[in-house]
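Accompanying notes for the structure given below.
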Amino acid sequence: SVHPDDLPRVIAAFQSAVATGEPPAWEHRLRRSDGVYRWFHLRGFRWHDSHNRLTRWYCVITDIHDRKIAEDALRRSERFLLEVQGLSRTGGWRLDLATGMVESSPELQRAYQAQPGDDISNPAFFLSRIHPDDQARVRTTLERCIQEKIEYRVHCRIVRADGSIGYQYAMGRPVPNEAGEVVEFIGAAMDMTDHWVAATELERASQTLRDMQTKLSRAAQVATVGELAASIAHEVNQPLASVVANGHACVRWLSHSPPNIAKALEAAERTVRDGKDAGEVVRRIRALFKRTTAERVPVDIGDVIRDVLRFIEADATRRRIEVLATLEPQVPAVLGDRVQLQQLVLNLMLNALDAVDPIVDRPKRVAVRTRRGDTARVVVEIEDNGIGLDDPHAVFEPFYTTKTDGMGMGLAICRSIVAAHDGTLAAIRNDDFGATFWFALPIENGASQ
Ligand code: ADP
């Protein structure tokens, strides 16, 4: 009646018991009368006669089938749980509130790299492995959740036995007994180290990228400063070269015999004019980089615009651009720095000329207007029918440019000049073509008007 699979093992055990005299004990399957095999436990007892001779065995055979099936199921479920914990890198724990002892799953012990001899039933072991910077926070959270009997979630770094850093995300909840009293906490802790390392790497990589971008834009600015220096040198060099040439000419006319005083005088006058021009360039550049208003004198804005128009006239004609000026005669004076205001109008006019330059399907037009604003202000509008603006705010940002040879400083400087004059500067897109830049400046004695 012994199951054929168990028979060789049973025979061997039986023979060994007979040979050694050791009491037999084993588990095997036996066939019942209905043909079904069930598990039984066999245990033998020796019986000695009065001369202490082993004369017989008494055996007890107990049906353990149901227990064995339950044990197998339990073992399978435990294996399954362990497998899942390993795969998901999640360890389990249970904290007994009465004893203060903790039970942990092998996966949790693996994550914390528990060594033989570590007192892993003491929560202090796990706390001691938490990174010193995270310890206080985790301890306080855990204590508060136990006290208030609420769920708990915490993430922290752990320092493993080998000194490496791990990252854990732990959660737990209170478990009541049948009487409804919270007797324990059970929880899970997930090993997020790989995820954390990947996220840290990603953050480090994007930080490097940001640093590189900053360096690049700084390099671009340095390059722009280089360009600026080159163009200043160019601007100053021209009148200087002219001063030298006229100086030579003057010396030549004077060395003639007899000296040609009239020609020498002309050359000397040209020298003076060129010298003044060079001085003016330097003055403009200095004014450009000055943040505050250097001078506060009454300035006729119409005069300023007329100066600028004279300056750009030749350029506009060459580029076949019609420039229209509508300057109201009785506009009150504004209080400010004449050179800076010239710089302001000139920048806006030059930008307008650049904007209409590429236009081919309509006459190129730039219009400049002055008028008395509704408050105590003078308003100047520079309107063009050029390529127009995508973003009327962005254009004022320093180094914003869409021109291949642009610097993107013009409008930023304009904005600081207007701000220094307590004024307003803005740009709008026109309904049909192009853009209008306008600024408003407070008039002289504006407060009393
Ligand atoms: P930049 O030297 O590049 O011209 P600005 O500060 O003067 O520097 O202008 C910045 C940018 O604003 C220009 O590159 C151009 O794209 C835009 N912009 C300025 N004025 C106009 C305008 N009237 N129409 C269209 N775009 C303009």
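Treat the numbers as computed from the prediction; the structure is a model and nothing was measured. Atoms within a ligand are numbered from 1 in the order they appear, just like the ligands themselves.
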- Message: Closer than 4.0 angstrom, basic N to acidic O: yes or no for Asp357 and Lys364?
- Response: yes
- Rounded to the nearest 0.5 Å, how far apart are CH2 of Trp253 and CG of Leu265? 13.0 Å
- Protein heavy-atom partner closest to atom 1 (P) of ligand 1 - residue, atom, separation in Å: Gly408 N, 3.6 Å
- Message: Check contact between Phe437 and ligand 1, using heavy atoms of the residue and a distance below 4.0 angstrom.
- Response: yes
- Taking 4.0 angstrom as the limit, do Arg365 and Asp384 come out as a salt bridge? no
- Query: How close does the nearest protein non-hydrogen atom get to atom 3 (O) of ligand 1, and which residue and atom is it?
  - Reply: Thr401 OG1, 2.3 Å
- atom 7 (O) of ligand 1 - nearest protein heavy atom and its distance: Asn351 ND2, 2.8 Å
- Item | Residues Glu71 and Arg67 bridged, charged N to O under 4.0 Å | yes
- Task: Can you pull out the closest protein heavy atom to atom 17 (C) of ligand 1? Residue, atom name and distance to 0.1 Å, please.
- Result: Val395 CG1, 3.6 Å
- Arg173, CZ atom: more than 12 neighbouring heavy atoms under 6.0 Å: no
- Note on the structure: Under 4.0 Å from one or more heavy atoms of Ala355, ligand 1 contributes atoms 22 (C), 23 (N), 24 (N), 25 (C)
- Message: Under 4.0 Å between a side-chain nitrogen and a carboxylate oxygen: does that hold for Glu78 and Arg76?
- Response: no
- The option among Gly388, Gly386, Ala435, Ala412 carrying the non-hydrogen atom nearest to atom 25 (C) of ligand 1 is Gly388
- Report the residue from Arg157, His155, Gln168 that forms a side chain to side chain donor-acceptor pair (under 3.5 Å) with Asp134. Arg157
- Message: For atom 16 (O) of ligand 1, what's the nearest protein heavy-atom neighbour? Residue, atom name and distance, please.
- Response: Thr402 OG1, 2.4 Å
- Task: Around atom 26 (N) of ligand 1, find the nearest protein heavy atom and jot down its residue, atom name and distance.
- Result: Leu389 CD2, 3.3 Å
- Message: Once you measure the plane-to-plane angle for Tyr152 and Trp93, does it fall in the parallel (<30°), tilted (30-60°) or perpendicular (>60°) bin?
- Response: perpendicular
- Could you tell me the residue and atom name of the protein heavy atom closest to atom 23 (N) of ligand 1, and the distance to it rounded to 0.1 Å? Asp384 OD2, 2.9 Å
- Any Asn347 heavy atom less than 4.0 Å from ligand 1: no
- What is the nearest protein non-hydrogen atom to atom 10 (C) of ligand 1, stated with its residue, atom name and distance? Tyr400 O, 3.1 Å
